[in-house]
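Note sheet for the following structure.
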Amino acid sequence: MKELIKLENITKNFGNLRVLDDFSLTVHENEFITLLGPSGCGKTTILRILGGFETADVGRVFFEGKDITDLPANKRNLNTVFQKYALFPHMDVKANIAFGLKINGKSQKYIDDKVDYALKLVNLNGFEKRSIDKLSGGQQQRIAMARAIVNEPKVLLLDEPLGALDLKLRQEMQYELIRLKKELGITFIYVTHDQEEALTMSDKVIVINDGYIQQMGTPEEIYNEPENAFVADFIGDSNIIDGLMIKDRLVRINGAEFPCIDEGFGNNKPVDVVIRPEDVLVKDRGYGRINGTVLTRVFIGVHYEMLIKSGENDFEWLVQCYEKYDIGDEVSLDVIPSNIQIMHKPTSSDEEAIDIDI
Amino acid sequence: MKKYLKFIYIGIVVLFLYLPIIALVVLSFNESKSMSVFSGFSLKWYEEMFSNRMIMQAVINTFTIAITASVTATIIGTFAAVGIDGMKTKQQNLILGFNNIPLLNADIVTGIALLLTFLMFGISLNWGTVYLAHVTFCIPYVILSVRPRVNKSVNTLYEAALDLGASRFYAFVKIVLPELRPGILAGLLLSFTMSVDDFVITHFTRGAGINTISTLIYSQVKVGIRPSLFALSTIIFALVLVMLLLVNFLSKGRKESVIY
Ligand SMILES: Nc1ncnc2c1ncn2[C@@H]1O[C@H](COP(=O)(O)OP(=O)(O)OP(=O)(O)O)[C@@H](O)[C@H]1O
Ligand SMILES: [Mg+2]
């Protein structure tokens, strides 16, 4: 795949606040890349630097190999779907969508056809004359998409485009977006703080915290093999437990020894262990590796979610299972080796940062 | 009974507010020159007013100054409000603080200060100096009414326009200005009324040759006011009334009324 966008060693400060620190990123043609991170971690800032609305203090931006660091926003061949849509309120739907085409001096015929096509694409045919304030949130979102894609940008930047929608609509729109992406064949750079959204939609997820890339990979890699405690904690619920790597393929957690599949951590080294709640097997007393007591239980749809206290330091396991256990039940827990994920312990947050820096 | 009292109360309030104006209107149609006795209906004071060149010149001055000064101040103030938004927060607060001082400052101080400034630079007092003075005191009002409209969402709309390829100028004219329009109109109307209303500052900056309605009336007090000035005041009151009704009527049906 061809390299399309490259951010090189971007540093950005707002006053004394360092939002991005030596941030580098490469995006290939036709990728669906998601920037995922908690609120305030610098996601919007990255998009704004790409869009040309913010200039980096240090570093360069490349587009198709050309340095566009100093190119103004209106000369860049990419379009943005803004966090709050930013539709022009005093124009109707058609004027909004046609805005970019008019500026580019397209003929009326071309504009009419294109608007028509875009409205069909987002399933809103017949909405031309609607005024913006008479649209629902989901419809506004679609118009914002339509307004961006009629200009046939090489890249679409989307800043939490589904953030303001309710759960059901959000899920619907996720599929719509994937379909649009396929039909248009353009590159999406997508920003969200919703891990589920990131995992469902993207080819590649970039987990960011404090302006640093924590991990980059496919959704499967991010979910199954988190590289550090932050990623593990941020992506879905998980049990992050202090462990001791006794030797290759054997780890001591919670007072019991578990066989695992990781190697190369050394002998008797402290590590962080991640186990997803759905990977914890709940068994009757005597059938598992460690004993525990059910503390709480809630039914969350398909399965039950329980907190189970166990082991020498009373660790509380978050567990999801289909069978019903009562509070106070004495149970036993087990995990199969491939579901145990071992991570290096960060010595300090500084070192964690430096690690990623290099 | 309670309802009854309510109406009486409102009646008294309205009477207090409008009795002076009613007195003015009635006396403007008086036959005699008396300021207290109505002796019969006549339009002669209106005739006198329209044939009095001094009064007519004052009316022309008042409105030419009000229109040109309010338009100038609105243009400058709008650009200022937009420009202030691009500054750092600290600078913004500083500038807006400076902006508020003339608003709170006594007119007489502003008037004398302007007079001294004109004299210091050897500018002779005439229509132009009054115009400049009015522009000066109107700008803060415009900034005050436009500034709240220049907010984050307008900024985002502006960026959205740039994102779609618009030049800065095109984005400003097509997207930003329509968003600011209610604030701009409010500023314009406010400036216009402030200008027509002003006496003190005009008095100090007008020089010998020119009069506005307010300075003319003031100068007549010394020699005795003639009822033709009642006639003039009545007409101005009627004009303002019509204008207000018109503005209210026009802004009805729209979401935001122009006058808050
Ligand atoms: N113009 C600005 N001036 C000062 N600080 C800013 C500015 N823009 C952003 N910041 C700060 O930079 C940090 C990163 O902001 P950014 O908008 O990139 O976060 P984000 O990851 O998009 O968050 P969210 O998910 O809430 O949208 C925040 O701490 C924010 O307060
Ligand atoms: Mg953001």
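In this text the structure is predicted, and so the values were computed from the model without any measurement. Reminder, nothing fancy here: chain letters follow the sequence lines and each chain counts from 1.
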Requested in this report: Below 4.5 Å from any heavy atom of chain A, which atoms of B/Ala161 appear? Answer side chain, backbone, both or neither.
Outcome: both
Report task. Verify whether the ring centers belonging to A/Phe88 and A/Phe99 lie closer than 6.0 Å. Result -> yes
Query raised in the report: Under the 6.0 Å and 45° cation-pi test, does A/Lys66 pair with A/Phe62?
Result: no
Query raised in the report: Heavy atoms under 4.5 Å from chain B: which residues of residues 76-87 of chain A carry them?
Result: A/Leu78, A/Asn79, A/Thr80, A/Phe82, A/Ala86, A/Leu87
Report summary line: Turns out that what part of B/Ser153 lies under 4.5 Å from chain A's heavy atoms comes down to neither
Query raised in the report: Between B/Glu179 and B/Arg149, is there a salt bridge with N-O shorter than 4.0 Å?
Result: no
Query - Pair B/Lys152 + B/Asp85, salt bridge at N-O below 4.0 Å - result: no
Query raised in the report: Near A/Arg179 CZ, under 6.0 Å, is it more than 12 heavy atoms from other residues, nucleotides or ligands?
Result: yes
Query raised in the report: A/Val150 versus A/Tyr117: any side-chain heavy-atom pair under 4.5 Å?
Result: no
Query raised in the report: With a 4.5 angstrom heavy-atom cut-off, which part of A/Arg48 approaches chain B: side chain, backbone, both or neither?
Result: side chain
Report task. Look at the side chain of A/Arg60 and the backbone N and O of A/Thr69, then say whether any donor-acceptor pair between them is shorter than 3.5 Å. Result -> no
